[in-house]
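One structure is given here, and the rest of the page talks about it.
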Protein chains: 2
Amino acid sequence: MQDDTRERILNMAEALFAEQGFAHTSLRTITTRARVNLAAVNYHFGSKEALIQAIFSRRLVPLNRERLNRLAELETGAAPPTLEAILEAFIAPTLKDPADTDPGEIRFMRLLGRTQAGASRPLREFVHTLYAEVLDRFGGAISRALPELPQPELYWRVHFMMGVLSYTQAGTATMKLVSDCDPPGAEDQAALQRRLIPFLAAGLRAPLG
Amino acid sequence: MQDDTRERILNMAEALFAEQGFAHTSLRTITTRARVNLAAVNYHFGSKEALIQAIFSRRLVPLNRERLNRLAELETGAAPPTLEAILEAFIAPTLKDPADTDPGEIRFMRLLGRTQAGASRPLREFVHTLYAEVLDRFGGAISRALPELPQPELYWRVHFMMGVLSYTQAGTATMKLVSDCDPPGAEDQAALQRRLIPFLAAGLRAPLG
DNA sequence: GTCTATATCCTGATAGAC
DNA sequence: GTCTATCAGGATATAGAC
């Protein structure tokens with residue numbers, strides 16, 4: 001084992017954190033299940049907190065780079081992109097076809113959803129820095145697509161949008177009770193996207209109250 | 001101290017859990033800050049887990065009863081209630097004027113928002129049971145207000161709605177970055193409600209993708 | 001009902017041999 | 001880089017006097 005150890009820790013920690021949360025997952029459990037020595041965590045990462053940050057950086061940096069690339073490509077055209085196209089650039093990278101996607105990536109989105117709402121302040125702030133550029137660029141693009149929307153209104157509606165996305169990513173399936181139809185399996189992410197975009201676009205475009 | 005002790009524990013635990021999360025808040029901290037003996041928690045509640053459930057029952061049972069009362073009153077009229085009226089019946093009990101409201105109630109809504117996304121499965125299931133009737137009744141009312149909306153679509157849109165509400169209740173203020181205007185203070189809950197209802201109503205009514 | 005004192009366990013982190 | 005062994009602290013829960 002050499003650098004493989006690092007990856008094994010990252011993968012197992014990510015999976016366990018997504019299932020049980022940070023506080024209820026001990027370094028002992030992680031290292032045992034990853035068949036790695038307990039001391040390896042502190043050797044490779046320095047602390048549990050640093051391990052958590054490494055997990056977020058590993059997934060979030062490429063994800064947000066792809067979002068920015070998609071948005072940049074949309075903006076090369078002559079006409080400004082539609083609201084729906086902007087939303088798709090933001091959402092699509094998180095909802096890829098599971099067949100040809102690292103399953104860890106899907107687990108991570110669940111972890112991310114739970115973290116946005118529930119994590120400790122320092123961790124939320126760290127995640128925030130990883131999101132800063134994306135929120136800035138997409139906020140601007142949405143504002144240009146909805147020029148008549150006042151700034152504070154835009155602020156809140158983007159906040160609401162983040163709520164929908166992170167809650168959906170968390171996959172809590174709150175609504176098992178509202179109807180008898182089962183929630184669609186996580187397989188058809190494309191269907192989920194076809195539902196998310198009209199809902200969000202309509203909400204963002206709603207007439208002022 | 002008699003039954004006062006119970007209340008003191010509940011109030012302090014609620015405040016500390018909302019700030020720091022469940023796992024990072026020890027019974028020692030709670031009892032010390034509440035100026036109550038450590039053993040009192042186990043005498044009055046039996047365990048930390050049972051204390052957490054007691055906190056949720058105390059606030060959620062009356063809250064959901066008020067929601068159901070408001071909905072029942074809406075449905076006494078001849079015409080079926082509008083979508084906006086249904087949403088207001090659901091949301092208004094959580095956004096009361098802070099001036100004449102127990103501040104603990106407001107803290108609790110933050111705790112609830114964080115819990116929906118981030119808590120352990122057993123706790124989420126417990127909260128779920130406290131929500132079952134409300135989700136069933138409001139799901140039906142929304143369905144009657146939007147008769148052309150297919151069931152699975154309804155299911156997901158109500159799910160999205162819960163995401164917006166719980167994320168907003170969690171008060172994570174993700175969007176500090178999207179614009180330069182500060183997020184409005186938590187005082188003007190009425191303004192927040194005036195923003196939430198048009199956003200949600202538009203999303204629920206969105207044309208199918 | 002309240003308190004002191006303590007049992008039992010598990011945590012993150014580290015020192016130091018290999 | 002990997003391992004064993006261990007430290008120091010904090011957790012929940014309880015036994016038993018008052």
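Since this is a predicted model, take the numbers as computed values, not measurements. In what follows, chains carry the letters A, B, and so on, assigned in the order in which the sequence lines appear, proteins first and then strands, with residues in each chain numbered from 1.
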Would you state whether a donor and an acceptor, one from the side chain of A/Arg28 and one from the base of C/dG12, lie under 3.5 Å apart?
-> yes

Under-4.0 Å side-chain N/O to phosphate OP1/OP2 contact, B/His44 with C/dT2 = yes

State whether a side-chain donor-acceptor pair under 3.5 Å links A/Arg58 with A/Asn11.
-> yes

Integer-rounded Å distance: D/dA11 P and B/Phe22 CZ | 17 Å

Assess B/Arg67 against B/Phe90: is NZ or CZ under 6.0 Å from the centre of the six-membered ring, and within 45 degrees of the ring's axis?
-> yes

Think B/Ser26 has a side-chain N or O under 4.0 angstrom from the OP1 or OP2 of D/dA11?
-> yes

Taking C/dA15, D/dT12, C/dA13 as options, the one with an atom nearest any side-chain atom of B/Lys48 is D/dT12

Geometric class of the B/Phe56/B/Phe108 ring pair [parallel <30°, tilted 30-60°, perpendicular >60°] = perpendicular

Distance in angstrom units between A/Leu27 CG and C/dA13 C1', rounded = 9 Å

Please report, rounded to the nearest Å, how far the P atom of D/dA13 is from the CZ atom of B/Phe45.
-> 13 Å

Taking atom P of C/dT11 as reference, at what distance in whole Å does atom CD1 of A/Ile52 sit?
-> 14 Å

Roughly how many Å is it from CZ in B/Arg35 to P in C/dG1, rounded to a whole number?
-> 21 Å

Indicate whether OP1 or OP2 belonging to C/dT2 is found under 4.0 Å from a side-chain N or O atom of B/Thr5.
-> yes

Between A/Tyr43 and A/Leu38, whichever has its closest DNA chain D nucleotide further toward 5' is A/Tyr43

Evaluation steps, side-chain hydrogen bond (donor to acceptor under 3.5 Å, both in side chains), between B/Thr29 and B/Ser26 | CA-CA 5 Å; B/Thr29 310; B/Ser26 70; 2.9 Å; yes

To the nearest Å, how far apart are A/Asn42 CG and D/dG1 P?
-> 16 Å

Atom CD of B/Glu49 and atom P of D/dA11 are separated, to the nearest Å, by 17 Å

Nucleotide D/dA11, atom C1' - distance to CD of B/Gln20 in whole Å = 15 Å

Any side-chain N or O of A/Asn37 less than 4.0 Å from the OP1 or OP2 oxygen of D/dT4?
-> yes

Closest non-hydrogen atom pair between B/Ala23 and A/His24, with its separation = CB-CE1, 4.2 Å

Hey, does A/Ala40 reach any base, or is it just sugar-phosphate, or nothing, if we go heavy atoms under 4.0 Å?
-> nothing

